[in-house]
Amino acid sequence: MSSHFQDSNLKIFTLNSNQALAKKISEILGIELGKSSVTRFSDGEIQINIEESIRGSDVFIIQSISNPVNEHLMELLIMIDALKRASANTINLVIPYYGYARQDRKARAREPITAKLVANLLEKAGANRVIALDLHAQQIQGFFNIPIDHLLGVPILGEYFLNKKFDDIVIVSPDHGGVTRARKLADRLKAPIAIIDKRRPRPNVVEVMNIVGNIEGKTAILIDDIIDTAGTITLAANALVENGAKEVYACCTHPVLSGPAIERIQNSQIKELVVTDSILLPEEKRIDKIVELSVAPLISEAIKRIQENLSVDELVQ
């Protein structure tokens, strides 16, 4: 994708959530990561120190709002404040995984809309732009009053499966909400789609209902944006095999993989789970079934285009 390019005004900083991804991005761009430290007061309060001048610079901060979510969100807010007070020219947030996105509307009475709350916090703190990857819902873009570039993981996942050269495939959405995502992958792989019609009696509890579409004898590829406890995806995979699918692969952009997720995936009918490095995968979660692809080339190219005032739209085609 991008080669090294010179821009003395550009600085890239990272906080604690995904330093490995930040290092890859800085290497692709040929720009050293900015010097800063994140420490704690003895009562747990976050203290951030930027250890170089950033006056007049265009600063990009790479931080996923991943587990521990509240720590990483507070780090980001405090860093924005520090940059603003140090006279940064622009403060650009690179948020590979936007936490709190699942509460994006009031599904029941007296519920919060946390995706909007986080957008307000980031904006109020002083962010000028957001680069996000596979937001849980497209409408979250409208929760911001600043420019937002929304990158997609589907091209990266699609390329991986294209190279597999499967014969007879079907792309499966694990629920009705993910049909658009499944359609995008299906278009890339020139494959039909199927949908799992499921009911969710309460959060993180799923009942699989029936399968809409033909999966008989086919290689099924399940796609989702987030896999958290892996209840939905493993139940879906097992249902596909029970209903005649030849084998099942699964993919997602954000491997949250909390609680019993790894154990469920290990014991499921999923042959391979393909994820990106939008969230840092700790060593204990790296099982043989999981294949990790990097979003660093995509994000690097987006940063480069923003700095050169070029269109970012071509990256999401």
Side-chain angles (χ1 to χ4, degrees), residues 1 133-138 150-200 206 208-228 230-257 261 264-266 268-278 287-295 297-298 301 313-317:
M1 273 221 183
L133 177 70
D134 269 337
L135 290 166
H136 188 58
Q138 291 277 349
H150 188 214
L151 306 176
L152 302 176
V154 163
I156 297 167
L157 300 169
E159 195 180 342
Y160 176 81
F161 285 113
L162 269 176
N163 292 334
K164 285 265 193 196
K165 296 186 167 54
F166 288 128
D167 284 341
D168 194 7
I169 57 173
V170 58
I171 310 303
V172 185
S173 173
D175 53 30
H176 290 281
V179 173
T180 309
R181 194 177 299 109
R183 169 67 58 215
K184 282 193 176 121
L185 184 61
D187 287 347
R188 284 184 170 268
L189 300 179
K190 298 184 173 42
I193 69 166
I195 302 159
I196 300 210
D197 182 30
K198 66 159 193 182
R199 264 207 313 246
R200 189 186 283 276
V206 177
V208 168
M209 299 301 285
N210 26 26
I211 295 160
V212 182
N214 176 25
I215 56 145
E216 189 76 40
K218 293 177 187 281
T219 294
I221 301 173
L222 279 158
I223 180 167
D224 215 337
D225 62 328
I226 296 169
I227 295 179
D228 186 354
T232 301
I233 212 92
T234 52
L235 276 173
N238 297 346
L240 288 167
V241 170
E242 279 162 28
N243 284 274
K246 186 170 75 173
E247 54 183 1
V248 180
Y249 287 76
C251 61
C252 74
T253 307
H254 308 301
V256 175
L257 302 178
R264 281 174 174 171
I265 289 157
Q266 193 69 280
S268 75
Q269 294 282 0
I270 295 170
K271 196 166 178 185
E272 208 172 72
L273 171 61
V274 184
V275 303
T276 80
D277 55 357
S278 69
I287 57 172
D288 289 344
K289 276 190 180 186
I290 295 179
V291 174
E292 187 183 67
L293 309 175
S294 185
V295 293
L298 175 67
E301 186 65 21
D313 191 47
E314 290 163 34
L315 296 180
V316 296
Q317 298 305 321

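Count residues from 1 along the sequence.
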Exercise. Could you tell me the separation between the CZ atom of R181 and the CG atom of D175, rounded to the nearest 0.5 Å?
Key: 8.0 Å

Quiz prompt | Nearest heavy-atom neighbours spanning L157 and C252 | solution = CD2-O, 4.0 Å

Exercise. Evaluate the side-chain proximity of V154 to I223: yes if any heavy-atom separation is below 4.5 Å, no if none is.
Key: yes

Self-check item: Residues which pass salt bridge (Lys or Arg N to Asp or Glu O under 4.0 Å) with E159, listed by chain and number, not counting sequence neighbours
Solution: none

Practice problem: Give me the one residue out of V172, V248, V274, L185 that meets side-chain contact (heavy atoms from CB on, under 4.5 Å) with I221. | Solution: L185

Quiz prompt | Contacts of type salt bridge (Lys or Arg N to Asp or Glu O under 4.0 Å), residue D168, not counting sequence neighbours | solution = K218

Exercise. Quick one: pull up OG in S278 and CG in L293 and give me the separation to the nearest 0.5 Å.
Key: 11.0 Å

Practice problem: Please name all residues satisfying side chain to side chain donor-acceptor pair (under 3.5 Å) with K289, sequence neighbours left out, ordered by chain then number. | Solution: none

Practice problem: Would you list the pairs meeting ring-ring contact (aromatic ring centres under 6.0 Å, His included) in which at least one residue belongs to residues 234-254, sequence neighbours left out? | Solution: Y97-H254, F166-Y249

Exercise. Go through the steps for I196 and L235 under the test side chain to side chain contact (heavy atoms under 4.5 Å, CB included), then give the verdict.
Key: CA-CA 10 Å; I196 300 210; L235 276 173; over 6 Å; no

Practice problem: Check step by step if side chain to side chain contact (heavy atoms under 4.5 Å, CB included) holds for N214 and V170. | Solution: CA-CA 8 Å; N214 176 25; V170 58; over 6 Å; no

Quiz item: Of all heavy-atom pairs between E292 and T276, which one has the smallest distance, and what is that distance?
Solution: CG-C, 4.1 Å

Practice problem: First locate atom NZ of K190, then atom CD1 of I169, and finally report the distance between them rounded to the nearest 0.5 Å. | Solution: 10.5 Å

Quiz item: By side chain to side chain donor-acceptor pair (under 3.5 Å), which residues pair with T253, not counting sequence neighbours?
Solution: D134

Practice problem: Could you tell me the separation between the CD atom of E301 and the CG atom of L315, rounded to the nearest 0.5 Å? | Solution: 5.5 Å

Exercise. Report the distance from atom OG of S173 to atom CG of D224, rounding to the nearest 0.5 Å.
Key: 7.0 Å

Practice problem: Could you list the residues that satisfy side chain to side chain donor-acceptor pair (under 3.5 Å) with S268, not counting sequence neighbours? | Solution: none

Quiz item: Can any side-chain N or O of H150 pair as donor or acceptor with the backbone N or O of L135 at less than 3.5 Å?
Solution: yes

Practice problem: Can you see which heavy atom on L240 is nearest to which on I215, and at what distance? | Solution: O-CD1, 3.4 Å

Practice problem: Taking all non-hydrogen atoms of both residues into account, name the closest pair between G153 and L133 and its distance. | Solution: N-CD1, 4.0 Å

Quiz item: When rounded to the nearest 0.5 angstrom, what is the spacing between CG in D228 and CD1 in I233?
Solution: 12.0 Å

Quiz item: Counting only heavy atoms not in N163, do more than 12 fall under 6.0 Å of its CG?
Solution: yes

Exercise. Work out which heavy atom in L189 is nearest to a heavy atom in G158; give both atom names and the distance.
Key: CD2-O, 3.5 Å

Practice problem: Using the test side chain to side chain contact (heavy atoms under 4.5 Å, CB included), find all partners of A186 that sit at least two apart in sequence or belong to another chain. | Solution: I171, R183, I193

Quiz prompt | Residues forming a ring-ring contact (aromatic ring centres under 6.0 Å, His included) with Y160, sequence neighbours excluded | solution = none

Quiz prompt | Pairwise side chain to side chain donor-acceptor pair (under 3.5 Å) hits with a residue in residues 235-246, at least two apart | solution = none

Quiz item: How far apart are the closest heavy atoms of I270 and L273, and which atoms are they?
Solution: CG2-N, 4.1 Å

Quiz item: Can you name the residues that form a side chain to side chain donor-acceptor pair (under 3.5 Å) with D277, not counting sequence neighbours?
Solution: K24, S294

Practice problem: Just jot down the salt bridge (Lys or Arg N to Asp or Glu O under 4.0 Å) partners of K164, sequence neighbours excluded, or say none. | Solution: E272

